[in-house]
Chemist: 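Quick one: structure below, then a few questions.
Computed from heavy atoms alone, side chains included, the values below leave out hydrogens, waters and symmetry copies.
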Amino acid sequence: MSEEVKKEERSLNFLEEIIEEDLKNGRYKSIVTRFPPEPNGYLHMGHATSICLNFGLSKKYGGYTNLRFDDTNPTTEEIEYVESIKDDIRWLGFEWKNEHYASDYFDQLYEYAVTLIKKGLAYVDDSTSEEIAAMKGTPTEPGKNSPYRDRSVEENLNLFERMKSGEFPDGTHTLRAKIDMAHTNMLMRDPVLYRIKHAHHHQTGDKWCIYPMYDFAHGQSDSIEQVTHSICTLEFVPHRELYDWLIEKLEIYPSHQYEFARRNLSYTVMSKRKLLQLVTERHVAGWDDPRMPTISAMRRRGYTPDSIREFCDRVGIAKRENLTDVGLLEFCVREHLNKIALRRMVVFDPLKVVITNYTAGEETVVSENNPEDPDGGSREIPFSNELYIEREDFMENPPKKFFRLAPGKMVRLKSAYIVQCNEVIKDMEGNITELRCTYIPESRSHNDTSGINVKGTLHWVSVKHAATAEVRLYDRLFKVEDPGSEEGDFKDYINPESLQVVKAVYAEPSLKSAKFDERYQFLRKGYFTLDKDSSASGMVFNRTVTLKDSWKPLASKG
RNA sequence: UGCCUUGUAGUAUAAUGGUAGUACGACAGAUUCUGGCUCUGUAUGUCAGGGUUCGAAUCCUUGCAAGGCAACCA
């Protein structure tokens, strides 16, 4: 209820304002958006923003969203990416209305080109790409007309037909729009519409040897699908003039393009080129290496789709350049995981504790699965006189506000007893090897009559019941906020400690039945999920994100 | 030395001529059988100058800064 109110009161972003205005004055009855990935790479956090935006808008305003693959360049695109892209969108929790390919429209697009030629608005140019570039001018100087610019309609029609039929080799001819070589917008200086590529296409096979350029495919595809709001990133702002020009000259359904600023995240890179470099140069293990900002990597790392959607929602959209603090993403991940993760105790760096006055041998204690979830149930944990605690939870000479174990001090062992440290055992080099403690029998959890209050509560596992597992601790991939803007190569700023592997941690036995779709909070350590590298011979857990740590005296965790 | 975008706390985003808000982060405190969660509080902002107006983050103007534009990529 209160959440409803909150949502209604939330102010609109500039696209929502435009849409509400369009709806209000009857320009559209409902809206159609599209998500138009090029199948030449994996989806990343930037795409997630666009997905949440496009699908979110159509959902909010009662329309629908198409998935359309922008597959106009067969030499760089592959079918493999089509499937991964669809998986990622579904995983994020969205469903498209229609699945389209720009290549579905190649016949129609060809007809549009013919229309333009007939109107005297397009011509076949025999210039090489170098010549075209040379004649283009510069942002401050006008370009020059191509010598082929004034061919007759008949000649253009004939040549374009022969381009299509495969008569010419790659690069010998292009179809160009006839606009204005002195235009202040470089994109309006007779942009190339079609080029010859004798290449096999993953959707159309060998049917075509000419392929439309982005500008002659995207807007037209939007129009064919009657997309009302075609939302893209800021770098396409100059393309809008051409987008509108083509729609106007072709006299087709007037889709409109709107641009927002792409989402940049701190401590990572987002460009396909850089991401590819990280993979091919083996700085990461692959596209789904949990340190990558790709959707598949975030999924593997244990991020939930809910948390990514929440992040996109909170961060909002606008038109200015931004570098969003990855801390906000981490906050959203923690916020969701806190609600759903099962609590488990796992000791990473064991220090043995012997409870000298515990004579029962062993017993079972009960602990809640999730204090945030009253219906989460509980589990049983074996307790015995030989335990492991975290080595960093003991200090021989503790500073003032150290709430953990120290000689003579007492702590609560989570869901079990209060213990007091009586003796510190060391080896010949002076390393602490074992702690001798006594427990307070009346302090048993849920039934504590001891009257003793302790400040610290530690996680622990019983030595002889412990299960072992490998744990992979991930941190930010880069040491600096914006690797792309630093001096030199962005790869110089890779965080050498972005992955730390702990080969054997000691886990409470209930984790032996850990499942892949389950999220865990290892008490006081962070959120974890089972990695796909797990096998019968051993479990591997990924740390999704740490717990927030506000302990200052010792901690220097960022 | 052209054209197009954009400038609001550290970050992101509101305020659409009428009290500069919110979230994350930071800091301080309360609570706690997780130094988590939760709760309370504090600090920090309109790029700059000029103009219009009773009143300007908002309108005008001049600067400044950042980003984009010269692929047969998308």
Side-chain angles (χ1 to χ4, degrees), chain A residues 10-13 17 36-38 40 70-73 75-77 125 127-129 132-134 136-143 170-176 183-187 189 192-197 210-211 213-215 217-218 232 234-241 259 261 263 266 272 314-332 334-335 338-339 343 345 367-368 371-372 401-404 411-416 418 443 445-446 448 453-459 481 521-527 546-555:
Chain A
R10 210 200 67 185
S11 51
L12 304 176
N13 64 46
E17 273 177 23
E38 184 188 11
N40 71 346
D70 238 334
D71 56 349
T72 57
N73 188 355
T75 53
T76 59
E77 296 153 5
D125 196 330
S127 309
T128 64
S129 62
I132 289 178
K136 201 104 192 179
T138 70
T140 52
E141 303 160 40
D170 290 5
T172 53
H173 299 74
T174 56
L175 182 74
R176 293 228 263 164
H183 206 287
T184 52
N185 182 348
M186 298 292 289
L187 279 156
R189 322 245 262 225
V192 172
L193 267 22
Y194 264 94
R195 78 284 216 194
I196 301 171
K197 269 180 195 275
I210 55 171
Y211 292 94
M213 299 289 291
Y214 166 85
D215 286 302
H218 198 97
C232 60
L234 247 30
E235 75 253 41
F236 291 99
V237 168
H239 292 252
R240 189 177 60 233
E241 197 168 7
E259 312 87 9
R263 181 66 44 202
S266 60
K272 273 183 195 172
R314 276 184 188 250
V315 102
I317 61 142
K319 298 182 79 156
R320 65 178 127 132
E321 303 271 321
N322 59 78
L323 182 61
T324 302
D325 187 354
V326 71
L328 181 58
L329 210 208
E330 292 169 346
F331 168 83
C332 294
R334 289 190 186 102
E335 186 185 44
N338 179 46
K339 291 193 187 110
R343 310 297 136 119
M345 293 200 283
S367 193
E368 75 279 5
E372 305 295 317
K401 287 200 171 166
F402 189 78
F403 300 151
R404 310 176 187 180
V411 291
R412 157 81 56 189
L413 295 177
K414 171 72 182 172
S415 297
I418 292 172
S443 67
S445 291
H446 317 302
D448 184 356
N453 256 326
V454 292
K455 199 82 173 143
T457 300
L458 307 185
H459 63 281
E481 276 197 321
Q521 184 197 105
F522 294 175
L523 241 56
R524 307 206 297 136
K525 303 302 277 185
Y527 294 99
T546 60
L547 252 31
K548 205 172 137 190
D549 189 357
S550 58
W551 188 50
K552 290 287 151 22
L554 271 184

Chemist: Could you state the CG-C1' distance from A/Leu193 to B/C73, rounded to the nearest angstrom?
Modeler: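 Distance, rounded to whole Å: 15 Å.
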Chemist: Which part of the nucleic acid does A/Ser129 contact within heavy-atom distance under 4.0 Å: base, sugar-phosphate only, or nothing?
Modeler: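 The answer is base, as A/Ser129 lies within the cut-off (heavy atoms under 4.0 Å) of a base atom.
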Chemist: What's A/Arg240 touching, base or sugar-phosphate or nothing? Going by heavy atoms closer than 4.0 Å.
Modeler: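 Nothing, no heavy atom under 4.0 Å.
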Chemist: Quick check for you: among B/A70, B/C33, B/G2, whose closest atom lies nearest to any side-chain atom of A/Thr140?
Modeler: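 Per side-chain heavy atoms of A/Thr140, the pick is B/G2.
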Chemist: Need one value for A/Ile418: base, sugar-phosphate or nothing, where a base atom within 4.0 Å counts as base even if backbone is also close, heavy atoms only.
Modeler: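 Contact class for A/Ile418: none.
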Chemist: Choose from B/G36, B/C73, B/C72 the nucleotide whose nearest atom is closest to any side-chain atom of A/Ile132.
Modeler: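 Side chain of A/Ile132 sits closest to B/C72.
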Chemist: Under 3.5 Å between N/O atoms: give me all the protein pairs with nucleotides 22-27 of chain B, atom names plus distance.
Modeler:
residue	atom	partner	partner atom	Å
B/A23	O2'	A/Arg314	NH1	2.7

Chemist: Does the base of B/A70 carry an N or O that pairs as donor and acceptor with the side chain of A/His183 under 3.5 Å?
Modeler: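 Donor-acceptor pair under 3.5 Å: no.
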Chemist: Using a 6.0 Å distance limit plus a 45 degree cone around the ring axis, check whether A/Lys197 lies over the aromatic ring of A/Tyr211.
Modeler: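 No, A/Lys197 does not lie over the aromatic ring of A/Tyr211.
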Chemist: Which nucleotide sits closest to the side chain of A/Pro371: B/U5, B/U34, B/A12?
Modeler: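 Looking only at side-chain atoms, A/Pro371 lies closest to B/U34.
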Chemist: Given the rule that a pair is Watson-Crick or G-U wobble with both distances under 3.5 Å, how would you write RNA chain B in dot-bracket, using | for pairs to a different strand?
Modeler: .((((((..((((....[..)))).(((((.......)))))....(((((..]....))))))))))).....
Chemist: Base of B/C33, side chain of A/Ser445 - is there a donor-acceptor contact under 3.5 Å?
Modeler: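 Such a pair is found, so the answer is yes.
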Chemist: Counting side-chain heavy atoms from C-beta on, which of B/U34, B/C72, B/U5 comes nearest to A/Leu234?
Modeler: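 Of the candidates, B/U5 comes closest.
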Chemist: Measure CG/A/Asp170 against P/B/A71 and give the value in whole Å, please.
Modeler: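 Whole-Å distance recorded here is 19 Å.
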Chemist: Counting the atoms with a prime plus P, OP1 and OP2 as sugar-phosphate, which does A/Arg189 contact under 4.0 Å by heavy atoms, base, sugar-phosphate, or nothing?
Modeler: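 Nothing, no nucleic acid heavy atom in range.
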Chemist: Could you work out which one of B/C37, B/G7, B/C72 sits closest to the side chain of A/Met213?
Modeler: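 Nearest to the side-chain atoms of A/Met213, counting from C-beta on, is B/C72.
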Chemist: Tell me what A/Lys136 touches on the nucleic acid: a base, only sugar-phosphate, or nothing, going by heavy atoms under 4.0 Å.
Modeler: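 Sugar-phosphate contact only - A/Lys136 comes under 4.0 Å of backbone atoms but never of a base.
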Chemist: What's the CD-P distance between A/Gln521 and B/G36, to the nearest Å?
Modeler: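 Interatomic distance, CD of A/Gln521 to P of B/G36: 11 Å.
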Chemist: Of the listed nucleotides (B/C73, B/A70, B/U13), which one gets closest to any side-chain atom of A/Thr138?
Modeler: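 Of the options given, the side chain of A/Thr138 lies nearest B/A70.
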Chemist: State the CZ-CD1 distance between A/Arg176 and A/Ile132, to the nearest 0.5 angstrom.
Modeler: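 The CZ atom of A/Arg176 sits 4.5 Å away from the CD1 atom of A/Ile132.
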Chemist: Please tell me which of the listed nucleotides, B/G2, B/U34, B/C73, lies nearest to the side chain of A/Arg343?
Modeler: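 Nearest nucleotide to the side chain: B/U34.
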Chemist: For the side chain of A/Thr457, counting heavy atoms from C-beta on, which of B/G36, B/C33, B/A12 is nearest?
Modeler: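 Of the candidates, B/C33 comes closest.
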Chemist: Between A/Arg343 and A/Glu368, is the closest basic N to carboxylate O distance under 4.0 Å?
Modeler: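 Judged by the 4.0 Å cut-off on N to carboxylate O distance, A/Glu368 and A/Arg343 do not form a salt bridge.
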Chemist: Side chain of A/Lys401, heavy atoms from C-beta onward: which of B/G7, B/G35, B/C69 has the nearest atom to it?
Modeler: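 Nearest to the side-chain atoms of A/Lys401, counting from C-beta on, is B/G35.
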Chemist: Kindly point out which of B/A14, B/G67, B/U34 is positioned nearest to the side chain of A/Ser11?
Modeler: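 Out of B/A14, B/G67, B/U34, the nucleotide with an atom closest to A/Ser11's side chain is B/A14.
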Chemist: Going by the rule side chain to side chain contact (heavy atoms under 4.5 Å, CB included), which residues pair with A/Ser129 if we only count those two or more places apart in sequence or in a different chain?
Modeler: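 Here no residue qualifies.
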Chemist: Would you indicate what A/Glu372 reaches in the nucleic acid, counting non-hydrogen atoms under 4.0 angstrom: base, sugar-phosphate, or nothing?
Modeler: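 Base, at least one base heavy atom under 4.0 Å.
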Chemist: How is A/Phe236 classified with respect to the nucleic acid when contacts are heavy atoms under 4.0 Å: base, sugar-phosphate, or nothing?
Modeler: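 Touches a base.
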Chemist: Could you tell me whether A/Lys197 contacts a base, only the sugar-phosphate backbone, or nothing, with contacts defined as non-hydrogen atoms closer than 4.0 Å?
Modeler: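 Result for A/Lys197 = sugar-phosphate.
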Chemist: Between A/Arg314 and A/Glu335 (salt bridge meaning N to carboxylate O under 4.0 Å), is one present in this structure?
Modeler: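 A/Glu335 and A/Arg314: salt-bridged.
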